[in-house]
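One structure is given below, encoded as structure tokens.
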Amino acid sequence: QTQLVESGGGWVQPGASLRLSCVGSGGTFNDWSLGWFRQAPGKEREFVASISRNGKRTEYLESVKGRFTISRDDAESTLMLQMNTLKLEDTAIYYCAAAATSYMQETYRVPPHYAYWGQGTQVTVSS
């Protein structure tokens with residue numbers, strides 16, 4: 001059974017940093033293209049960042065470019081999201097997701113591409 005478990009969320013003030021982690025199990029981690037999504041209250045789930053199987057291609061939501069960095073450690077079956085200079089509008093539940101693919105440099109921005117999802121971790125940015 002494939003599982004993704006996020007951690008690292010919390011409450012921070014604007015301008016602070018957080019590092020989210022997502023540990024995968026029950027599958028071959030390096031077979032997956034990976035992504036982070038978020039959902040704020042009353043809003044639809046939105047794409048935040050994605051990374052290809054070989055880690056060489058990444059994509060970001062325009063509003064997080066230059067502030068967030070996605071990375072992966074296949075040896076530890078872990079996906080990370082380093083979030084710097086956090087803003088009030090970054091407040092949301094953050095979800096990691098995995099898509100099995102045979103393409104080494106494919107990334108996905110749309111939720112239906114992802115077969116596996118974590119339970120989410122809350123990030124609250126507030127003064």
Side-chain angles (χ1 to χ4, degrees):
Q1 181 182 359
T2 300
Q3 282 193 316
L4 299 172
V5 180
E6 302 99 333
S7 62
W11 176 90
V12 295
Q13 293 186 326
S17 298
L18 277 177
R19 184 179 180 87
L20 304 183
S21 296
C22 171
V23 177
S25 62
T28 305
F29 196 79
N30 59 12
D31 281 350
W32 301 337
S33 180
L34 301 166
W36 286 99
F37 291 76
R38 67 187 182 188
Q39 188 165 17
K43 296 187 176 181
E44 292 188 353
R45 189 170 299 192
E46 70 173 350
F47 166 80
V48 176
S50 60
I51 187 166
S52 61
R53 281 182 60 188
N54 62 7
K56 292 183 177 181
R57 181 178 178 183
T58 57
E59 288 192 277
Y60 294 92
L61 177 69
E62 191 64 33
S63 63
V64 308
K65 281 183 180 178
R67 300 189 297 122
F68 291 11
T69 302
I70 188 171
S71 61
R72 62 188 295 163
D73 182 344
D74 289 349
E76 299 294 330
S77 298
T78 302
L79 173 70
M80 287 79 75
L81 185 68
Q82 178 66 42
M83 305 187 295
N84 298 329
T85 319
L86 282 160
K87 302 178 179 181
L88 298 176
E89 53 265 38
D90 294 321
T91 295
I93 299 174
Y94 283 70
Y95 299 90
C96 65
T101 177
S102 59
Y103 299 104
M104 296 301 292
Q105 292 201 194
E106 198 78 1
T107 57
Y108 306 103
R109 301 173 70 100
V110 181
H113 278 292
Y114 292 89
Y116 308 108
W117 293 82
Q119 82 290 346
T121 185
Q122 177 72 48
V123 172
T124 303
V125 185
S126 173
S127 55

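- For the pair R45 and W117, the distance from NZ or CZ to the six-membered ring centre is under 6.0 Å and the angle to the ring normal is within 45 degrees.
- Atom CD of E44 sits in a sparse spot, with 12 or fewer heavy atoms from other residues, nucleotides or ligands closer than 6.0 Å.
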Show which side-chain atoms of residues 58-70 pair as donor or acceptor with protein atoms under 3.5 Å away, not counting sequence neighbours.
unit_1, atom_1, unit_2, atom_2, d
E59, OE1, T107, OG1, 2.6
E59, OE2, R109, NH1, 3.4
Y60, OH, I70, N, 2.9
E62, OE1, K65, NZ, 3.1
R67, NE, S63, O, 3.4
R67, NH1, T85, O, 2.9
R67, NH1, D90, OD2, 2.8
R67, NH2, S63, O, 3.0
R67, NH2, D90, OD1, 3.1
R67, NH2, D90, OD2, 3.4

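- In this structure, L20 and V123 have side chains that are in contact, with non-hydrogen atoms separated by less than 4.5 Å.
- Q39 approaches K43 most closely through the heavy-atom pair NE2-O, 3.1 Å.
- Residues in residues 11-24 take part in these side-chain hydrogen bond (donor to acceptor under 3.5 Å, both in side chains) pairs, two or more places apart or across chains: S17-N84, R19-Q82.
- Every residue two or more places apart in sequence or in another chain was checked for a salt bridge (charged side-chain N to carboxylate O under 4.0 Å, His left out) with E106, and none qualifies.
- Under a hydrophobic clustering in which Ile, Leu, Val, Met, Phe, Trp and Tyr are joined whenever their side-chain heavy atoms come within less than 4.5 Å, directly or via other members, M80 and F37 fall into different clusters.
- Judged as a side-chain contact (heavy atoms from CB on, under 4.5 Å), and not counting sequence neighbours, the contacts of N54 are S52, K56, M104, Q105.
- Not less than 6.0 angstrom separates the ring centroid of F47 from the ring centroid of W36.
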Exercise for review: Decide yes or no on side chain to side chain contact (heavy atoms under 4.5 Å, CB included) for Q119 and V5, but give the supporting numbers first.
Suggested key: CA-CA 7 Å; Q119 82 290 346; V5 180; 4.3 Å; yes
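- Across V12 and A16, no two heavy atoms sit closer than the pair CB-CB, 3.8 Å.
- Annotation for Y95 and E6: closest pair CA-OE2, 3.3 Å, computed over non-hydrogen atoms.
- Separating the SG atom in C22 from the CG atom in L34 is a distance of 7.5 Å, to the nearest 0.5 Å.
- Under the rule for a side chain to side chain donor-acceptor pair (under 3.5 Å), the partners of Y108 that lie at least two apart in sequence or sit in another chain are T101.
- Note: Q1 CD to S25 OG = 8.0 Å, rounded to the nearest 0.5 Å.
- Put simply, CZ on R53 and CD1 on I51 are 13.0 Å apart, with the number rounded to the nearest 0.5 Å.
- In this structure, P14 and L88 have side chains that are in contact, with non-hydrogen atoms separated by less than 4.5 Å.
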Check your understanding: I93 and T121: side chain to side chain contact (heavy atoms under 4.5 Å, CB included), yes or no, with the steps?
Key -> CA-CA 5 Å; I93 299 174; T121 185; over 6 Å; no
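- Not a single donor-acceptor pair under 3.5 Å links the side chain of T91 to the backbone N or O of E89.
- Across all non-hydrogen atoms, the minimal contact from D73 to F29 is O-CE2, 4.3 Å.
- Note on V23 and M83: separate hydrophobic clusters, where clusters join Ile, Leu, Val, Met, Phe, Trp and Tyr whose side-chain heavy atoms are under 4.5 Å apart, directly or indirectly.
- With sequence neighbours excluded, the residues satisfying side chain to side chain donor-acceptor pair (under 3.5 Å) with E46 are R38.
- Residues Y103 and S33 form no side-chain contact, since every pair of their non-hydrogen atoms from C-beta on lies 4.5 Å or further apart.
- The shortest heavy-atom contact between L4 and G24 is CD2-CA, 3.8 Å.
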